[in-house]
Amino acid sequence: MATASPPLISSLNFTSTSFRIRTSLPTCSFSPKLLPLRPLASFSVKASSSRKQVEIVFDPDERLNKIGDDVDKEAPLSRLKLFSPCKINVFLRITGKREDGFHDLASLFHVISLGDTIKFSLSPSKSKDRLSTNVSGVPVDARNLIIKALNLYRKKTGSNKFFWIHLDKKVPTGAGLGGGSSNAATALWAANQLNGGLVSEKELQDWSSEIGSDIPFFFSRGAAYCTGRGEIVQDLPSPFPFDLPMVLIKPREACSTAEVYKRLRLDQTSSIDPLTLLENVTNNGVSQTICVNDLELPAFQVLPSLKRLKQRVIASGRGEYDAVFMSGSGSTIVGIGSPDPPQFIYDDEEYKNVFLSEANFMTREANEWYKEPASASATTSSSESRLEIPNEM
């Protein structure tokens, strides 16, 4: 083990006409451990009628610490490791169809503690980003929203920086959890940090809607009332305690968002005013009557087994859950109030390979990105630890 070096002691003896330096240089090894800063040198003066002695004590470790601090201050940021959380839609109303073919929605979006981890490093390449991931089936080329986000940043800012990116994927796709949208928002944040903060968060948020309707939400503080295609984001204080648990249950089958919207009929959606839902959830918290999702009916037509799963979770929960609902366009069923799935998820062969995760609501601080919770639980399957990603993102 390296030990801190002993002080270097120099004694200067001088008279009014001359002086000489006596130096003791001990053999020493330097430790990289940072020590509390102390004065670099201390002086003691002994005086007599004809001679003065000055003793200088110099600690090399302190000098190295100071040099290290100066280097850290001057060195440009070259790598980042960021948490990329997903979201749920506490309620989701579809309020009309637009002339551009999209639908207008009104929804309470909220970030939760399940998320991916993404590492970004500056690349020596001046022509291409390089993306790797821990799971098969996720595209690592320009189809991936991370690459789209980095290309968008360079287009908007004129930056010539490219990146090495590694995506540690925990959020399943085709789940209605916005995992890919979160990855894109995280990539925009990272690119801006690694370019010295060329633009504001508001600009990043505005640009992001060009590549995805859900992406702007992640530039909120974590809770927002979203309208338009989802790109109009009104920040809100979280109406939920952060220790309120939930369980996420996703079958292996994914729901195609396009197919769900294709089957949507506006005359079969809820008639409740979304602002009434927002007022109720703000005043009273989560409940089954508040968690309306107009996409459930068409999603259950696309995937009939999903309707059966929701019904069984409600029946088996025996009041354990405050609300059970589908997030987004599916196929994740959310149970708020308990982190545990019903026992049939473990017992029935039909649910052998479902994706399971517990989670909590979370937000972020101003001018900071989302922080991975210290107690975040690993994503698990009911019978084996696996995460399968369909060939889309």
*Side chain D322, main chain S287, donor-acceptor under 3.5 Å*: no
*Got S123 and D129 here, is their nearest side-chain heavy-atom distance under 4.5 Å?*
no
*Return yes if some donor-acceptor pair links the side-chain N/O of K310 with the main-chain N/O of S305 below 3.5 Å, else return no.*
no
*For residues L150 and F162, determine if any side-chain heavy atom of one lies less than 4.5 Å from a side-chain heavy atom of the other.*
no
*Under 4.5 Å between any side-chain heavy atoms of S125 and R130, yes or no?*
no
*Is any side-chain N of the basic residue among E210 and K156 closer than 4.0 Å to the acidic one's carboxylate O?*
yes
*For the side chain of S121 and the backbone of R79, is there at least one donor-acceptor N/O pair under 3.5 Å apart?*
no
*Can you check whether S181's main-chain N or O pairs, donor with acceptor, with D214's side chain at less than 3.5 Å?*
no
*What is the distance from atom OG of S78 to atom CG of L194, rounded to the nearest 0.5 Å?*
7.5 Å
*May I ask you to decide if the ring planes of F218 and Y370 are parallel, tilted or perpendicular, using 30° and 60° as cut-offs?*
perpendicular
*Begin from the C-alpha positions of V334 and I112 and carry the test side chain to side chain contact (heavy atoms under 4.5 Å, CB included) through to its verdict.*
CA-CA 11 Å; V334 182; I112 61 173; over 6 Å; no
*May I have the step-by-step check of side chain to side chain contact (heavy atoms under 4.5 Å, CB included) for I333 and L306, ending in yes or no?*
CA-CA 8 Å; I333 299 295; L306 193 59; 3.8 Å; yes
_For the backbone of N360 and the side chain of S113, can you confirm whether one donor and one acceptor N or O come within less than 3.5 Å of each other?_
yes
_To the nearest 0.5 Å, what is the distance between NZ on K148 and CG on D141?_
9.5 Å
Throw together a table of side-chain donor-acceptor distances under 3.5 angstrom for residues 223-235, partners on residues two or more places apart or in other chains.
unit_1, atom_1, unit_2, atom_2, d
R229, NH1, S213, OG, 2.6
E231, OE1, R229, N, 2.7
D235, OD1, R221, N, 2.8

*asked:* Main chain of F91, side chain of S107: is a donor-acceptor contact present, judged purely on distance under 3.5 Å?
replied: yes
_With side chain to side chain donor-acceptor pair (under 3.5 Å) as the rule and sequence neighbours excluded, what pairs involving residues 184-197 come up?_
S84-T186, Y153-N192, S159-N195, T186-W369
*Could you walk me through whether R308 and E350 pass the salt bridge (charged side-chain N to carboxylate O under 4.0 Å, His left out) check?*
CA-CA 11 Å; R308 184 168 64 253; E350 180 182 357; 2.8 Å; yes
*What distance separates D340 CG from M246 CE, expressed to the nearest 0.5 Å?*
13.5 Å
*List for me each residue that meets ring-ring contact (aromatic ring centres under 6.0 Å, His included) alongside H103, sequence neighbours excluded, and say none if there are none.*
Y261
_N/O donor-acceptor pair under 3.5 Å between N144 side chain and P139 backbone_ = yes
*Is the backbone N or O of G328 less than 3.5 Å from a side-chain atom of N89, with the two atoms forming a donor-acceptor pair by type?*
yes
_Does R318 have more than 12 heavy atoms from other residues, nucleotides or ligands lying within 6.0 Å of its CZ?_
no
_Are more than 12 heavy atoms, taken from residues, nucleotides or ligands other than E365, located less than 6.0 Å from that residue's CD atom?_
no
*Considering only heavy atoms from C-beta outward, does the side chain of K169 approach that of N183 to under 4.5 Å?*
yes
*Just by distance, do the side chain of E320 and the backbone of G337 share a donor-acceptor pair under 3.5 Å?*
no
*Which pairs pass salt bridge (charged side-chain N to carboxylate O under 4.0 Å, His left out) with one or both residues in residues 188-205, sequence neighbours excluded?*
E201-R364, K202-D206
_I'd like to know whether CG of N367 has more than 12 heavy-atom contacts from other residues, nucleotides or ligands below 6.0 angstrom._
no
*Report the residues that fulfil ring-ring contact (aromatic ring centres under 6.0 Å, His included) with F344, sequence neighbours left out, ordered by chain and then residue number.*
Y351
*Any side-chain heavy atom of I249 within less than 4.5 Å of one from T332?*
no
*Does F325 have any ring-ring contact (aromatic ring centres under 6.0 Å, His included) partners at least two apart in sequence or in another chain, and if so, which?*
none
